[in-house]
Engineer: 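Below is a structure I'd like to ask you about.
Here the structure is a predicted model, which is why all the values come from computation and not from measurement. Counting convention: from 1, in listed order, for ligands and their atoms alike.
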Amino acid sequence: MYIYELPFEINKELCRLLDIEDYWKELAGNQMKYSAFDVTDMEQTARRLAVSPTNQLFTRWGQLNHRVEELFILLYRMKHMPALDCLKPVVNTDFHKLLSKHRSSSSVKEKNTAIVKDNSYKKSSQKSDGNFGSIPLPVMLIEKGAHLPASSGIQDNNSPSPNYETSTDISKSSSTHGDKGNEDDEIMKNVSAIPRMSYDELREATDNWADRNLLGRGGFGQVFKGEWKHLPVAVKRLRDNNDRNKELIREMCLNQYRHDNILPLYGYSLGGPEACLVYQLMSGGSLEQRLRVKTHHPPLTWSQRYNISHGVARGLQFLHNMAGTPLIHGDIKPANILLDTCLMPKIGDFGLARKGPYGEDRTHVKVSRVYGTKPYLPDEYLRSRCLSPAVDVYSYGVVMVEMATALVAIDRARPEPLLSAYIHHQNRLGIDMASLEDPVLRGTAHSYPALCRAFVSIGLHCTKFQRHERPTMLEVYKKLNDMDVPGKNFMM
Ligand SMILES: Nc1ncnc2c1ncn2[C@@H]1O[C@H](COP(=O)(O)OP(=O)(O)OP(=O)(O)O)[C@@H](O)[C@H]1O
């Protein structure tokens with residue numbers, strides 16, 4: 001469950017508990033790592049709107065798609081028993097172990113320090129009816145040295161040193177911490193079903209990160225070909241092992257959905273010198289490579305282009321229309337469309353995926369930061385931080401034009417550097433879009449002017465300036481389905 005899905009009564013009670021004595025500030029600053037500036041900003045906004053500052057915090061943090069289990073872990077670190085009790089009904093039962101463990105350890109402290117027990121705290125706070133001054137402190141910050149699941153993606157401030165995770169280290173850590181390591185791993189298993197792999201295994205799988213196995217480089221690190229337990233894999237080795245990467249991996253594990261057109265994440269590795277993500281190996285490379293790089297492969301035919309556009313639309317409409325809230329990929333571009341040996345496309349790189357608007361009356365969410373690749377992003381997202389499935393639709397539109405023309409998404413030598421602006425400009429001039437067909441096909445026996453026009457027409461529709469004028473991915477998918485293209489059933 002996401003933070004923004006918290007039932008009203010639980011949210012209200014949590015706000016009440018954490019507003020007391022400004023515990024929300026400790027949660028925001030020490031645990032969630034918001035800056036003092038952000039905390040003051042939230043406090044002032046809450047005051048201006050006459051709402052709970054905790055609620056402000058949850059709204060902001062919730063926009064980053066955090067889950068109740070994460071909040072539970074942070075409150076566990078704060079030892080805020082009443083808040084943990086309040087959240088208990090909505091977290092997986094495996095997390096309850098943390099609560100009972102903490103309750104037993106804190107009860108010893110409670111005797112020594114004469115701090116009231118959580119139940120009496122609860123009762124007295126209920127009685128106080130808004131008069132927080134008389135409420136005894138909850139049991140907090142009394143037990144140092146509690147460790148979090150190393151793989152929870154949340155930094156454990158109490159950890160004495162980096163926890164290197166290799167096959168041998170795992171056994172070491174379980175002997176040092178007894179059952180705790182296993183228990184923590186169990187907890188992570190319930191957050192995500194994606195298996196954790198050891199760094200040493202992955203080093204071996206890629207033959208010690210051999211250059212000949214290098215598949216490509218991206219903003220986050222390098223991707224290597226490898227064989228893991230006789231399975232061909234692509235290992236993305238992230239540049240370092242910082243908290244941002246841990247967070248990224250956690251997000252990716254949680255955002256992993258199974259679909260023919262979504263690149264499967266086989267596993268992850270945390271705790272080694274670099275964090276790694278392990279994917280299915282896509283031996284057809286990326287659409288980017290197939291459109292631009294001179295490889296031994298022949299140019300993509302129109303029916304292959306059609307099948308790729310169809311598969312990507314299918315994957316995206318799935319993400320946008322899953323039960324509950326849509327998942328917005330946020331970085332659709334040819335480099336993130338991977339092709340298997342039959343050129344079946346799979347959407348990869350969910351590092352920037354975020355949950356979209358929820359509830360019938362919501363059309364978008366306002367995000368605090370914009371991520372992604374600029375030439376593929378619409379104005380409302382870049383300028384107003386307005387995130388909706390229409391962001392992916394726009395990016396998809398740019399990709400459609402790229403597939404038809406092989407023009408790049410941004411080219412400063414063009415009168416309109418952005419491809420989306422350029423193609424709309426050409427359209428206004430009344431240019432026949434078939435004249436922009438990919439030069440490797442244009443004028444050859446493989447040329448298909450009508451399909452080129454159809455691709456650009458979808459591209460124009462998807463990249464409309466006003467997001468409500470763009471089609472949904474489902475509409476695009478249906479439109480593609482209805483097209484009569486030779487060879488279209490090849491991969492459907
Ligand atoms: N599963 C895979 N199978 C085969 N090749 C892959 C796979 N994943 C990535 N690659 C190759 O590695 C390259 C780099 O991928 P990566 O996801 O790191 O970066 P990117 O998407 O190009 O850029 P960025 O992540 O900065 O947006 C890709 O362009 C592709 O050629």
Engineer: Could you tell me whether Asp349 and Lys236 make a salt bridge, using a distance below 4.0 angstrom between a side-chain N and a carboxylate O?
Structural biologist: yes

Engineer: Starting from atom 6 (C) of ligand 1, find the nearest protein heavy-atom neighbour and note its residue, name and distance.
Structural biologist: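 That would be Leu338 CD1, 3.8 Å.
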
Engineer: Decide, yes or no, whether a salt bridge links Asp379 with Arg467 under the criterion of side-chain N to carboxylate O below 4.0 Å.
Structural biologist: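 Salt bridge: no.
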
Engineer: Quick test: of every protein heavy atom, which one is nearest to atom 25 (O) of ligand 1, and how far off is it to 0.1 Å?
Structural biologist: Asp349 OD2, 3.0 Å

Engineer: Identify, by atom number and element, the atoms of ligand 1 in contact range of Asp331, meaning under 4.0 Å from any of its heavy atoms.
Structural biologist: 27 (O)

Engineer: Just to confirm my output: which protein heavy-atom neighbour is closest to atom 24 (P) of ligand 1, and how far is it?
Structural biologist: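 Protein heavy atom with the smallest distance to atom 24 (P) of ligand 1: Gly219 N, 3.5 Å.
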
Engineer: Any atoms of ligand 1 less than 4.0 Å from a non-hydrogen atom of Val223? List them with their elements.
Structural biologist: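 The list of qualifying atoms is 8 (N), 9 (C), 10 (N), 12 (O), 14 (C), 15 (O), 18 (O).
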
Engineer: Taking heavy atoms and a distance under 4.0 Å, where does Lys225 meet ligand 1: side chain, backbone, both or neither?
Structural biologist: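 The answer is neither.
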
Engineer: Do Asp200 and Arg203 meet the salt-bridge criterion of a basic N to acidic O distance under 4.0 Å?
Structural biologist: yes

Engineer: Any atoms of ligand 1 less than 4.0 Å from a non-hydrogen atom of Asn336? List them with their elements.
Structural biologist: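 Close to Asn336: 21 (O).
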
Engineer: So which bit of Gln222 gets within less than 4.0 Å of ligand 1, heavy atoms only: side chain, backbone, both or neither?
Structural biologist: neither

Engineer: Among all protein heavy atoms in this structure, tell me which lies nearest to atom 1 (N) of ligand 1, with the distance rounded to 0.1 Å.
Structural biologist: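 Among all protein heavy atoms, the one nearest atom 1 (N) of ligand 1 is Gln280 O, 2.9 Å.
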
Engineer: Select one of side chain, backbone, both or neither to describe which atoms of Thr373 lie under 4.0 Å from any atom of ligand 1, heavy atoms only.
Structural biologist: neither

Engineer: Between Arg217 and ligand 1, which residue portion shows a heavy-atom distance shorter than 4.0 Å: side chain, backbone, both, or neither?
Structural biologist: backbone

Engineer: Taking distance alone, with N or O pairs closer than 3.5 Å, would you say Leu281 contacts ligand 1?
Structural biologist: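 No, there is no polar N/O contact under 3.5 Å.
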
Engineer: With distance as the sole criterion, is a donor-acceptor pair present between the side chains of Thr472 and Gln317 under 3.5 Å?
Structural biologist: no

Engineer: Check each atom of ligand 1 against the heavy atoms of Gln289 and keep those under 4.0 Å away; list them by number with element.
Structural biologist: 31 (O)

Engineer: Where is the nearest protein heavy atom to atom 2 (C) of ligand 1: which residue, which atom, and how far?
Structural biologist: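 Closest protein heavy atom to atom 2 (C) of ligand 1: Ala234 CB, 3.4 Å.
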
Engineer: Could you check Lys333, Arg290, Arg292 and say which one makes a salt bridge (charged side-chain N to carboxylate O under 4.0 Å, His left out) with Glu402?
Structural biologist: Arg292

Engineer: Please tell me whether Tyr199 and Glu274 have a donor and an acceptor in their side chains that are separated by less than 3.5 angstrom.
Structural biologist: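 Yes, Glu274 and Tyr199 have a side-chain donor paired with an acceptor closer than 3.5 Å.
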
Engineer: Taking only non-hydrogen atoms of Lys236, do any sit less than 4.0 angstrom from ligand 1?
Structural biologist: yes

Engineer: Would you mind checking which non-hydrogen protein atom is closest to atom 3 (N) of ligand 1, with the distance to 0.1 Å?
Structural biologist: Met282 N, 3.0 Å

Engineer: For Asn261 and Val312, run side chain to side chain contact (heavy atoms under 4.5 Å, CB included): C-alpha distance rounded to whole Å, both residues' side-chain angles, the deciding distance at 0.1 Å, then the answer.
Structural biologist: CA-CA 6 Å; Asn261 300 110; Val312 176; over 6 Å; no

Engineer: Please determine which of Asp331, Leu265, Leu327, Asn336 meets the side-chain contact (heavy atoms from CB on, under 4.5 Å) test together with Phe350.
Structural biologist: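 The passing option is Leu327.
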
Engineer: With respect to atom 29 (O) of ligand 1, which of Gly218, Ala335, Gly216 exhibits the smallest heavy-atom separation?
Structural biologist: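 Among Gly218, Ala335, Gly216, the closest heavy atom to atom 29 (O) of ligand 1 comes from Ala335.
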
Engineer: Are Thr301 and Tyr306 linked by a side-chain donor-acceptor pair shorter than 3.5 Å?
Structural biologist: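 No, no side-chain donor-acceptor contact under 3.5 Å.
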
Engineer: Tell me: protein heavy atom nearest atom 27 (O) of ligand 1, and distance?
Structural biologist: Lys333 NZ, 2.8 Å

Engineer: Between Tyr279 and Trp228, is the gap from one ring center to the other below 6.0 Å?
Structural biologist: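 No; Trp228 has its ring centre 6.0 Å or more from that of Tyr279.
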
Engineer: For ligand 1, which atoms, with element, lie under 4.0 Å from some heavy atom of Leu215?
Structural biologist: 4 (C), 5 (N)

Engineer: Any idea how Trp302 and Phe455 line up, ring-wise: parallel (<30°), tilted (30 to 60°), or perpendicular (>60°)?
Structural biologist: perpendicular

Engineer: Answer yes if the ring centres of His310 and Tyr477 are under 6.0 angstrom apart, and no otherwise.
Structural biologist: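 Judged by ring-centre distance (under 6.0 Å), His310 and Tyr477 do meet the cut-off.
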
